[in-house]
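The structure appears right after this line, and notes come after that.
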Amino acid sequence: MSKQINVALIGNPNTGKTSVFNALTGLNQKVGNYPGITVEKKEGICKLPRGVKAHIIDLPGTYSLNASSLDENVVIELLLNKNDKDFPDVAVVVSDVENLKRNLLLYTQIKDLEIPTILVINMSDRMEYKGIHLDIPYLEQELQTKIALISTRKNKGIDQLKELITNYKDLSVAPCLNASEIDTDYFEKLRQAFPNQLLYKLWLVITQDVNFGKIDRNEVDAINSFKTKGKSDLKRLQQKETIKRYQFINNTLKKGQTIDLNSAKDLRIRLDRILTHKIWGYLIFFVILLTIFQAIYDWAEVPMDFIDSTFASLSEWVKNVLPEGAFTNLIAEGVIPGLGGIVIFIPQIAFLFLFIAVLEESGYMSRVVFLMDRIMRRFGLSGKSVVPLISGTACAIPAIMATRNIESWKERLITILVTPFTTCSARLPVYLIIISLVIPQGRFLGLSYQALTLMLLYLIGFGAAIFSAWLLNKILKIKSKTFFVVEMPNYKVPLLKNVALTVLEKTKSFVFGAGKIILAISIVLWFLASYGPGEQFNNAEEIVTAEYATDNLSQDELDQKIASHKLEHSFIGIAGHAIEPVIRPLGYDWKIGIAIVSSFAAREVFVGTLATIYSVGSDEEETIKNRMAKEINPVLGTPLFNFASGISLLLFYAFAMQCMSTLAIVKRETNTWKWPILQLTIMSAFAYIVALIAYQFLK
Amino acid sequence: MKVTLADIKRGQQGVITDVSSIHIPLKLLEMGCLPGNMVELVQVAPFADPMYLNINGTHLAIRKETAIHILIDISNE
């Protein structure tokens, strides 16, 4: 096999870097994590001309090589470590034609590392609209590189980029300016101390306050011992360096770029006048949220009903086709209902991710950050906390990772701690099924009661997050320096391909990630529900037959009694009865108790668990919902899922911390078990108390 | 006239004169907030905070607490 070319895609946020990545790799991409940290690692394979292949890494967006977050560290760590297997043979710096000046800062830094570098100028379709003209040959000469002028929107220039990557060996590795002029003496000393090292690399290692885990530790220590300047001196030098680079860029662009302001039209100003308006801005934001919830409810209903009934008939079909026995029962009663409990939520989760992807891609999310910052600050949060809190409606895990761009540690920690209160997609299955059981049909102002209940639950989650943030802000005594810089990118019509890939990728990881846990738990539950110790379970048939001998029951009724007797005395029944005293005051029976306990692994297990427990011993083809509706409270004789117990359950799930993966992420992001354990105990205790009060009040 | 960036009104423009305060994050400089560049206040959120700026074509938002450290010249207005 011939060697693949390692390509690193680097660029500022909002330059369409991911679009370039998608255009190069198409569906040949995978998303993983960098080892040890939770920064998303996107890589893919691209076929180049003449049978050559390139391995492409989409590095996190960054404004410069001066890292201020974990995501940005990834970029420098890779570029400074020649021994990394992903070390690029060629770097592709993606820039946006409208922000070329700012984008070139990063470009000049990467050039200083003497890595062959191609400059991509993206969004070239906007040039005419903005009155921009570029002198490409001049720019190529000054910047000592090859330039690919592309438009991922119009699918132009990608072939030229592929051609340039193939011929990367022809690129110059000379830096395009001499940054060491900012302090000649200092850099001369540095050069003498480490004659074999690249000067700019040394400078980065000296100035960065980051952990260069992968770079040879001794090397760094040796350099640190050289440190002859204090922190504020270094910062001043960094400022000088930045100014120096901009001088070079300004001079280059003065000749290489002309902008005719007369032909420039600006949609941004007109849109921002409304979207960031003091009143309209907030109103529009609220309407957008409302639309999302209504859509999740109404649009997803048809495919969900279809999936539900398909899985019910699938179970039935398996039972008819396969020979009778324990294995058939495991498939029909354990695996299929368990899987059905997850597959059914694909439509809604896909819709949710679709909306979030569109909000992010269009540039609207930054406006929300702008609008909300002042309000959020009152509660100890940042405007940037809005993004985690909103994407927390999909999943708390990426949401907690998204807190990384919050500059202040205190604001970031509070955001991490309260994000699990927002209603994540894993709560959705529980909410949806309970709402459909206990909230009446009907409409208010064209919105269904059920959709309004769902909206209310989201608001409760959000409210709990805000309130606890306020509380934490009062309690936590952390001093950390705060600053807040957020780019307001241009508005863009989201690219269908990008949105579709995001939705596909996220939904897939939800289904497979959660699916694995659910499948495993379903199988274990089936065993526990199908077998039991002692007389009562093994001789269930005789005992029940004897008990009802005089009642003249039909065979069907008798079978039903036997099945439920068996379930009561199975392993799971025994465990369920043991915890029943704790949950009875909340209006639940032992079966719900089992579902709650198993959903401490992951919330969405709840529905699958009930589906498995209820289907054991039942022969009829039935949907999960119908089975739940039929359950009777053994003490009161009323339906088990009534208004009081339903509300109690909804509130319990709204507040309880039931997700092992989230706890693991919080541990990783805060570097201590203290915070996740605190979250688990406080949130769950609070959930219990609220659910208790609600049930006792409503019953 | 020399004032800080926090003093200007919506729609007003100025030229950045000094960003050497230690309270200004390097990131802001990297995004183009440098002496000599034009700055315009595009929009403000309620209570005039944060401020939505246009610095030489780069649009970004910063808090007032950072803006008070950026000196600008509005003589040409």
Side-chain angles (χ1 to χ4, degrees), chain A residues 12 62-66 68-69 72 98-103 105-106 109 130 207 231-232 235-236 238-239 241-243 245-247 249-250 259 268-269 272-273 275-279 281-282 363 366-367 369-375 377 382-383 407 481-490, chain B residues 4-6 8-73 76:
Chain A
N12 291 11
T62 178
Y63 291 103
S64 82
L65 289 185
N66 301 315
S68 56
S69 75
E72 292 169 10
E98 287 179 53
N99 287 304
L100 200 51
K101 190 187 283 181
R102 172 162 52 82
N103 295 167
L105 178 78
L106 179 64
Q109 291 178 324
K130 286 281 175 182
T207 49
K231 255 203 150 90
S232 58
K235 195 182 170 192
R236 249 172 247 297
Q238 280 182 298
Q239 292 186 344
E241 181 201 339
T242 308
I243 293 172
R245 288 184 191 278
Y246 267 112
Q247 276 167 358
I249 293 163
N250 283 337
I259 301 178
R268 158 206 290 275
I269 294 173
D272 272 340
R273 210 165 280 158
L275 293 180
T276 62
H277 187 269
K278 284 176 189 176
I279 296 155
Y282 294 98
S366 300
R367 273 65 184 184
V369 170
F370 172 73
L371 281 175
M372 301 299 285
D373 183 59
R374 182 60 200 242
I375 301 167
R377 237 185 301 162
S382 150
E407 293 89 349
K481 100 182 149 182
T482 73
F483 63 85
F484 172 91
V485 180
V486 58
E487 193 190 348
M488 309 288 271
N490 277 330
Chain B
T4 79
L5 188 50
I8 62 171
K9 304 260 170 322
R10 217 181 81 174
Q12 211 174 357
Q13 292 188 338
V15 176
I16 300 170
T17 54
D18 187 85
V19 289
S20 58
S21 159
I22 200 85
H23 299 288
I24 301 172
L26 188 61
K27 190 167 177 184
L28 198 55
L29 270 59
E30 288 164 358
M31 290 175 83
C33 180
L34 293 168
N37 279 347
M38 284 290 279
V39 56
E40 181 196 348
L41 184 58
V42 179
Q43 178 73 283
V44 285
F47 304 101
D49 191 15
M51 310 172 83
Y52 175 175
L53 307 168
N54 174 0
I55 299 176
N56 247 18
T58 293
H59 295 80
L60 48 88
I62 60 172
R63 286 179 185 166
K64 210 168 184 167
E65 62 192 31
T66 308
I68 56 172
H69 297 290
I70 300 170
L71 304 183
I72 61 166
D73 187 345
N76 295 340

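Note that these values count all heavy atoms, side chains included, but never hydrogens, waters or copies made by symmetry. Residue numbers begin at 1 in each chain, while the letters A, B, ... track the order of the sequences. Keep in mind the model is a prediction, meaning the values are calculated, not measured.
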Can you measure from CD1 (Ile269(A)) to CD (Gln43(B)) and round to the nearest 0.5 angstrom? 11.0 Å
I need the residue from Asn54(B), Val44(B), Val42(B) with the largest number of non-hydrogen atom pairs under 4.5 Å to chain A. Val44(B)
Report the option among Thr242(A), Val369(A), Asn490(A), Val486(A) that has the most heavy-atom pairs separated by less than 4.5 Å from atoms of chain B. Val486(A)
Looking at side-chain heavy atoms only, is the closest gap between Arg236(A) and Ser20(B) below 4.5 Å? yes
CD of Glu487(A) to NZ of Lys27(B): how many Å apart, nearest 0.5 Å? 9.5 Å
Under 4.5 Å heavy-atom distance to chain B, tell me which part of Ser382(A) shows up: side chain, backbone, both or neither. both
Lys64(B) side, atom NZ; Asp373(A) side, atom CG - distance, nearest 0.5 Å: 13.0 Å
Of all residues at least two apart in sequence or in a different chain, which pass the side-chain contact (heavy atoms from CB on, under 4.5 Å) check with Ile8(B)? Val3(B), Leu5(B), Gln12(B), Leu41(B), Ile72(B), Ile74(B)
Quick one: are Thr58(B) and Asn99(A) in side-chain contact, heavy atoms under 4.5 Å? yes
Looking at Asp272(A), Ile243(A), Leu371(A), which makes the most heavy-atom pairs under 4.5 Å with chain B? Asp272(A)
Which answer fits Arg377(A), side chain, backbone, both or neither, if we ask what part of it has an atom under 4.5 Å from a heavy atom of chain B? side chain
Is chain A contacted by the side chain of Ile24(B), its backbone, both, or neither, given a heavy-atom distance below 4.5 Å? backbone
Please report the shortest heavy-atom distance between Arg374(A) and Pro46(B), naming the atom on each side. CG-O, 4.1 Å
If you count heavy-atom pairs within less than 4.5 Å of chain A, which of Leu34(B), Asp49(B), Ile62(B) leads? Asp49(B)
Please identify each residue that fulfils ring-ring contact (aromatic ring centres under 6.0 Å, His included) with Phe370(A), with sequence neighbours left out. Tyr52(B)
Heavy-atom closest pair, residues Met31(B) and Tyr246(A): C-OH, 3.7 Å
Scan Ile22(B), Val19(B), Leu29(B) and name whichever one has a side chain to side chain contact (heavy atoms under 4.5 Å, CB included) with Gln239(A). Leu29(B)
